[in-house]
Every structure is written in structure tokens, then in C-alpha cells.
2 protein chains.
Amino acid sequence: MPGSCTSRVIRMEDLDRKIVALLAGDGRMSFTDLGKATGLSTSAVHQRVKRLEQRGVILGYAALIDHTALDLPLSALISIRPIDPSQPDDSPERLREVPEIESCYSVAGDSSYILIVRVASPGALENLLAVIRARANVSTTTTIVLSTPYEHRPPALT
Amino acid sequence: MPGSCTSRVIRMEDLDRKIVALLAGDGRMSFTDLGKATGLSTSAVHQRVKRLEQRGVILGYAALIDHTALDLPLSALISIRPIDPSQPDDSPERLREVPEIESCYSVAGDSSYILIVRVASPGALENLLAVIRARANVSTTTTIVLSTPYEHRPPALT
DNA sequence: AATGAAATAGTGCGATA
DNA sequence: TATCGCACTATTTCATT
């Protein structure tokens, strides 16, 4: 039956994409269950996942946490702009050791970076802003997060 | 030795915080290793993690993905504002089924929500903006992410 | 709540097609 | 790259403290 094979077989690329999407949705899924979901043997899945980790497609695994439970109930987005645009902008490196900063995005537009931060209180945010301004020599614009309808949703499996 | 006990023993609350922080940093860490890191038996860690999951402290587990590998190389932050402020604002519900939206934050300030989205191309972003505006009856301001120095860093263990 | 023991299940690796 | 087999390790439950 010429042709019937290629129509049934899932291409390798798609298998990797499916594995990645499954793990993005459930980071603790076992290789055995991934195998059942993809039609591969446990070993084959194991091999592919390790390769995806090595190639940097899978960057790591994380538990998603309710930050209020960790005494970090206040989230904010902070836009930063260099005070002296003639200086080289190495803000991400200067701010890397600040543990309250969860994410740092380099952006087009009015600001150079947008940070997502998690702190315990308005007072802690005030202190954090002072630290950021001092360490990176930037001005800041802060947007307080009032609530989080949803976040960190996995990419669609298609 | 009165007093020596309380100074050595880690309070239960702190044990849970430590487990949560460890899993936030490595979502696939085994109960055995968590036990070694906390000084608890595997069973005790297991019991605590299940309880943390049930109480919603641990919301889930996710593989962290290089989105370029999933053909979603373009990230953006989209601020949205209702066009008709007299209408009830249920934008998060109206946008929940849009798979490109990774996160939705309700914020104080000029806009009502800020979305983080992942798309394949500028064209896909254009389409997505049309979908968002139509579904939620909002105007949008889009900030393109040029690069991501870091994101999704776990909270500090302290 | 924590422990240790025991049954079940998953991981990781080497041989092999 | 896939599969199978096997030794090793982890998960999960339960009786006990």
C-alpha cells in the first residue's frame, strides 16, 4: 500500500513538539505516560526528552506557586529607562542578582526593559525600586498588579 | 537542655516554604531528594507536597520552554482598555479561550489588563490583536519583546 | 505528623535491530 | 532512532509511633 505509511506516521518534528507541549502543561508527567500519549516506547521518549533538554528546547522545570503562600502577595511590572543614554545599557546583568525580579524583557517602545517583580508589601516595593534605580542607573515606571486572572498558561498543543 | 530544641528545629511552616521553593526551582525534583534537602523522610515530604497541591499553594508543574523552538518566536505585552467603560469588564473571561495569551494581569494605572502573548510572526500578532479587540471590546497598546534576558526565575529560598 | 517497610511503578542504560 | 530487557531508584500506601 504505497502512500499509506506516510499518512499515518507522525513526523519526528511533530513528536518532539507534542512532547514539549505535554511537558509544558504537566512538568511532572512520567516518561511512561508521555509514551502512551505519543505512541512511543518509554525509552524513546526518555531519549527525546534528554535531547530536548540538552539542545535547550526544554530550559527547565518549575512548580507554579501561589505567591501569596510564599509571603510575596504583591506583584508589579516595572518599566525602566536609562538616565544616561550614552552609557552602555547592561541593566539585565546589573539586576540579575536582585531576587525579587522574576522576569526581565528587553522591549521596543518608550522603555528599554520591563521587569516582573514579586514582593511582600508596598514598603518592600519601595525599597526594591530604590535598589533598581541605584544599581542600573535608570528611571522607573511601576504598574501594580491588582489580581491575576491567569498566568503561565502552556502553549497550545496544535 | 531547655531552649536548645527550639533553636535547632525548623518550624513546620518553614519546611513547607523550603519544599515549595525547591520545587519552584526544579519542578521534577524527586521526593527522595526533597527529603535529603529538608531532613525529612520521603514519606513525610510526599505527604506535605500532596497537601500543598491540595491547598493550592502548588498550582501545578510546567516545563519551561524556549518558545522559538515551538515556532512562537515573537512575544509581546498588550495593554488593554475598555472602549465602553460603562459596560461590566469581563475581558479575562472573554479572552480565556485565546490560546496565544499566556498570562493576564489586572493592573492599576492607565490600562485595565496587561496580557503576555506568544505568536509565530508579526502577521499572527496583527490577527491576534484584531481578535482581542473584537472579543473584549477594548483598545490595545502593544509592546514588542525584543529579547528575554531572563524570565520565570524562582523566588528566593530565604 | 513522622517513620519504616513493602508493593507498585518509573528511570536509565546497554545491547540490538 | 527505535525497541526490549534488566538493574536500580522512586512513588505510594499503610501500619506504627
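Letters A, B, ... mirror the listed sequences (proteins, then strands); counts begin at 1.
Between A/Q47 atom CD and C/dT16 atom P the separation is 16 Å, expressed in whole Å. The distance between atom CD of B/Q54 and atom P of C/dA1, rounded to the nearest whole Å, is 13 Å. A/D33 places its CG atom 8 Å from the P atom of C/dT11, with the value rounded to the nearest Å. Between the C1' atom of D/dA2 and the CZ atom of A/F31 lies a distance of 16 Å, rounded to the nearest Å. Here C/dG10 presents its P atom at 16 Å from CG of A/L40, a figure rounded to the nearest Å. The interatomic distance linking B/M29 (CE) with D/dT9 (P) rounds to 17 Å, in whole Å. Counting to the nearest Å, the P atom of C/dA1 and the NZ atom of B/K50 are 18 Å from each other. If you take CZ of B/R48 and C1' of D/dT11, they are 18 Å apart, rounded to a whole angstrom.
Taking the ring axis of B/F31 as reference, the NZ or CZ atom of A/R28 stays within 45° of it and closer than 6.0 Å to the ring centre.
DNA chain D is contacted by both B/T42 and A/G39; A/G39 maps to the nucleotide lying nearer its 5′ end (nearest heavy atom per residue).
Nucleic acid contact for A/S30: sugar-phosphate only, since backbone atoms but no base atoms lie under 4.0 Å from a heavy atom of the residue.
Contact of A/S41 with D/dC4 (side chain to base): no donor-acceptor pair of N or O atoms is detected under 3.5 Å.
In summary, the side chains of A/S111 and A/R81 do not present any donor paired with an acceptor at a separation below 3.5 Å, with no hydrogens or angles considered.
When the side-chain nitrogen and oxygen atoms of B/H46 are compared with OP1 and OP2 of D/dT12, one or more of them lie within a distance under 4.0 Å.
B/M29 and B/L64 sit in two unconnected hydrophobic clusters of ILVMFWY residues. Membership requires side-chain heavy atoms under 4.5 Å apart, directly or through other members.
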Assess whether side chain to side chain donor-acceptor pair (under 3.5 Å) is satisfied between A/S75 and A/R118, documenting all intermediate values. CA-CA 5 Å; A/S75 300; A/R118 314 279 186 177; 2.7 Å; yes
